[in-house]
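Below is one structure, written out as structure tokens; the observations come after it.
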Amino acid sequence: MPPDGGPDRPCRSPFLDNSGCLRYKQKPLGILKCWKDEGTGWTMAEVIDGNRIAQAVRDEVRTQAFELKEKKGITPGLAVILVGDDPASKIYVGRKEKAAAEAGFLSREFRLPAETTEDRLREIVAGLNADSSIHGILVQLPLPKHINPDVVIETIDPRKDVDGFHPVNIGGLFTGRPGHRACTPLGVIELLDRTGIPIEGKEAVIVGRSNIVGKPLALMLLNRHATVTICHTRTKDLGAVARRADILVAAAGRAEMVRGDMVKDGAVVVDVGINRRADGKLVGDVAFAEAAAKASYITPVPGGVGPMTIAMLLRNTLGAAQQKAQAR
Ligand code: NAD
């Protein structure tokens, strides 16, 4: 039976397409497809298309960046600093620089050798703090072991801390004051909002308590009036806690650890994890097919939360440039 829409699901007209996939006549932006499980027949989960939603955000950012340039003569500037040659970091940094250029930003790149000292890195950051053409500074983590990332992050002017890691911005999140928010959790909220998934009053469970994903996301959901539980390695009976969730977020960095029996019927499942399996396949922290058989909405890996992180980085940088224009 096709789904009839739960209490919070938009009711649309389902129909079967030529390939036998359940589709809706009016798909909202960002719904990729409905999931059909061969074993159990039709299921309810709709797959949230992070690529499409991220592109929509990026298009908006580009338009607004153009307007800012036209009206105020300000081009948003993003500086990206990479220390060392970690292969994954190189890929991430390359993507961020490309996205910034596509958005019409000024993009400045610093590729520093692994031997760069903490003092030298702080000097570069201080120079960028003083550079009026730069509105966002991103220091790609992890840094080489001899550099304390906290010290470097605290050197960044909080107004230019577009990663949202500076204690001033974290304090702002804690107390509900303005400031930059961490990009990945912000991307999760954006995915929920643009898919029309309500947050207020919902039971949200996050698996993972890192400073860059789990904890800031918990505060963002709390600020949006969800009832939030954070799980971690010492949580007793993770399955029982996860099954309470209307919104279940997996951010543990453990391949496919969230199984179908941990998902409540009709839950929204957001998978932040990015893991490379032994067979080379990229998977999330959620066993996708099992969870999709229970969920109402689910994000895929790749193509779910991942693309949102860069989109939110661009939006934070644009926001910093707009703030500066207002302050003039
Ligand atoms: P992390 O290693 O810093 O933190 C993982 C957290 O999960 C820890 O708090 C730990 O207590 C918890 N955890 C680990 N195993 C668990 C288990 N078996 N049961 C319960 N809790 C458990 O990781 P992170 O930096 O927060 O990243 C998490 C995942 O998200 C990783 O796969 C990472 O690659 C991915 N990630 C994706 C993006 C993106 O842009 N999509 C951004 C950041 C991180």
Side-chain angles (χ1 to χ4, degrees), residues 48-51 53-55 57-58 80 86-96 98-99 138-143 149-150 153 162-165 170 173 180-192 204-221 228-245 248-259 261-263 269-278 281-288 291 298-316:
I48 298 173
D49 186 348
N51 282 322
I53 295 175
Q55 191 57 53
V57 173
R58 286 168 66 162
V80 180
D86 176 67
S89 294
K90 271 186 179 167
I91 294 172
Y92 293 142
V93 159
R95 283 188 195 150
K96 288 167 187 173
K98 186 164 173 268
L138 183 145
V139 179
Q140 184 66 40
L141 302 178
L143 289 167
D150 292 341
I153 287 165
V162 283
D163 250 344
F165 294 160
I170 292 167
L173 171 62
H180 293 301
R181 304 290 185 247
C183 299
T184 301
L186 197 56
V188 172
I189 301 288
E190 193 72 20
L191 277 183
L192 296 175
V205 174
I206 304 165
V207 185
R209 59 172 164 185
S210 73
N211 287 338
I212 62 166
V213 186
K215 281 190 219 165
L217 180 58
L219 283 162
M220 288 178 201
L221 289 165
V228 184
T229 306
I230 309 180
C231 300
H232 45 81
T233 41
R234 294 186 207 172
T235 298
K236 288 179 186 158
D237 202 349
L238 181 64
V241 181
R243 272 190 297 279
R244 293 207 311 254
L248 177 60
V249 183
R254 300 277 178 274
E256 299 173 316
M257 66 163 285
V258 173
R259 313 302 311 190
D261 63 1
M262 296 164 73
V263 178
V269 177
V270 179
D271 192 352
V272 181
I274 304 173
N275 312 283
R276 182 79 60 187
R277 262 190 348 204
K281 194 179 171 215
L282 207 60
V283 294
D285 289 354
V286 175
F288 184 85
I298 189 164
T299 64
V301 176
V305 175
M308 294 303 292
T309 300
I310 290 185
M312 303 325 286
L313 171 73
L314 297 178
R315 207 168 72 180
N316 280 351

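Order of appearance sets the numbers: ligands from 1, and atoms from 1 within every ligand. What you see below is based on every heavy atom in this structure, not just the backbone, and it leaves out hydrogens, waters and symmetry mates.
In this structure, atom 32 (O) of ligand 1 lies nearest to the protein heavy atom Ile274 N, 3.0 Å. Protein heavy atom at the shortest distance from atom 35 (C) of ligand 1 is Val272 O, 3.4 Å. Atom 5 (C) of ligand 1 has Ala252 O, 3.5 Å as its closest protein atom, hydrogens excluded (heavy atom only). When hydrogens are left out, the protein atom nearest atom 21 (N) of ligand 1 is His232 C, 3.2 Å; that is the closest non-hydrogen contact. The nearest heavy-atom contact from the protein to atom 9 (O) of ligand 1 is Arg209 N, 2.8 Å.
At least one heavy atom of Gly306 sits less than 4.0 Å from an atom of ligand 1. Heavy-atom separations between Val207 and ligand 1 include at least one value shorter than 4.0 Å.
What you find for Arg95 and Ile310 is that their closest heavy atoms are CB-CD1, 3.5 Å. Closest of all the heavy-atom pairs between Leu186 and Met220 is N-SD, 3.7 Å. Residues Arg259 and Glu256 come closest through the heavy atom pair NH1-O, 3.0 Å.
More than 12 non-hydrogen atoms from other residues, nucleotides or ligands lie less than 6.0 angstrom from CZ of Arg277.
Proximity of a side-chain donor or acceptor of Asp271 to a complementary backbone N or O of Pro300 within less than 3.5 Å is not detected. Between the Asp285 side chain and the Met257 main chain, no donor and acceptor come within less than 3.5 Å of each other. A donor-acceptor pair is defined here as one N or O able to donate and one able to accept, closer than 3.5 Å; such a pair exists between the side chain of Ser210 and the backbone of Val213.
Considering each of Gly304, Pro307, Pro185, Ser210, the one bringing a non-hydrogen atom nearest atom 3 (O) of ligand 1 is Ser210. Considering each of Cys183, Gly214, Gly208, Ala88, the one bringing a non-hydrogen atom nearest atom 6 (C) of ligand 1 is Gly208. When the heavy-atom distances from atom 38 (C) of ligand 1 to Val188, Asn211, Val213, Thr184 are ranked, the shortest goes to Thr184.
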Step-by-step side chain to side chain contact (heavy atoms under 4.5 Å, CB included) determination, Arg209 to Thr233
CA-CA 9 Å; Arg209 59 172 164 185; Thr233 41; 4.2 Å; yes
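Counting atoms of ligand 1 from 1 in the listed order, those under 4.0 Å from a heavy atom of Ile212 are 25 (O). For ligand 1, the atoms closer than 4.0 angstrom to any heavy atom of Gly253 are 28 (C), 29 (C), 31 (C), 32 (O). Applying the 4.0 Å criterion to heavy atoms of Ala251 picks out, from ligand 1, the atoms 5 (C), 6 (C), 7 (O), 28 (C). Within ligand 1, counting atoms from 1 as listed, the ones closer than 4.0 Å to a heavy atom of Asn275 are 32 (O). Here is the list of ligand 1 atoms found below 4.0 Å of a heavy atom in Thr233: 11 (O), 13 (N), 14 (C), 15 (N), 16 (C), 20 (C), 21 (N), 22 (C).
Residues Val272 and Val301 have side chains not in contact (no heavy-atom distance under 4.5 Å, counting atoms from C-beta outward). Looking at Asn211 and Pro216, their side chains never come closer than 4.5 Å, going by heavy atoms from C-beta outward.
Only the side chain of Arg254 comes within contact range of ligand 1, with a heavy atom under 4.0 Å; no backbone atom does. Residue contacts with ligand 1, taken as heavy atom pairs separated by less than 4.0 Å, involve Thr309 solely via side-chain atoms from C-beta onward. Under 4.0 Å from ligand 1, the heavy atoms of Met257 that appear belong solely to its side chain.
Rounding to the nearest 0.5 Å gives a distance of 5.0 Å between CE of Met308 and CD of Glu190.
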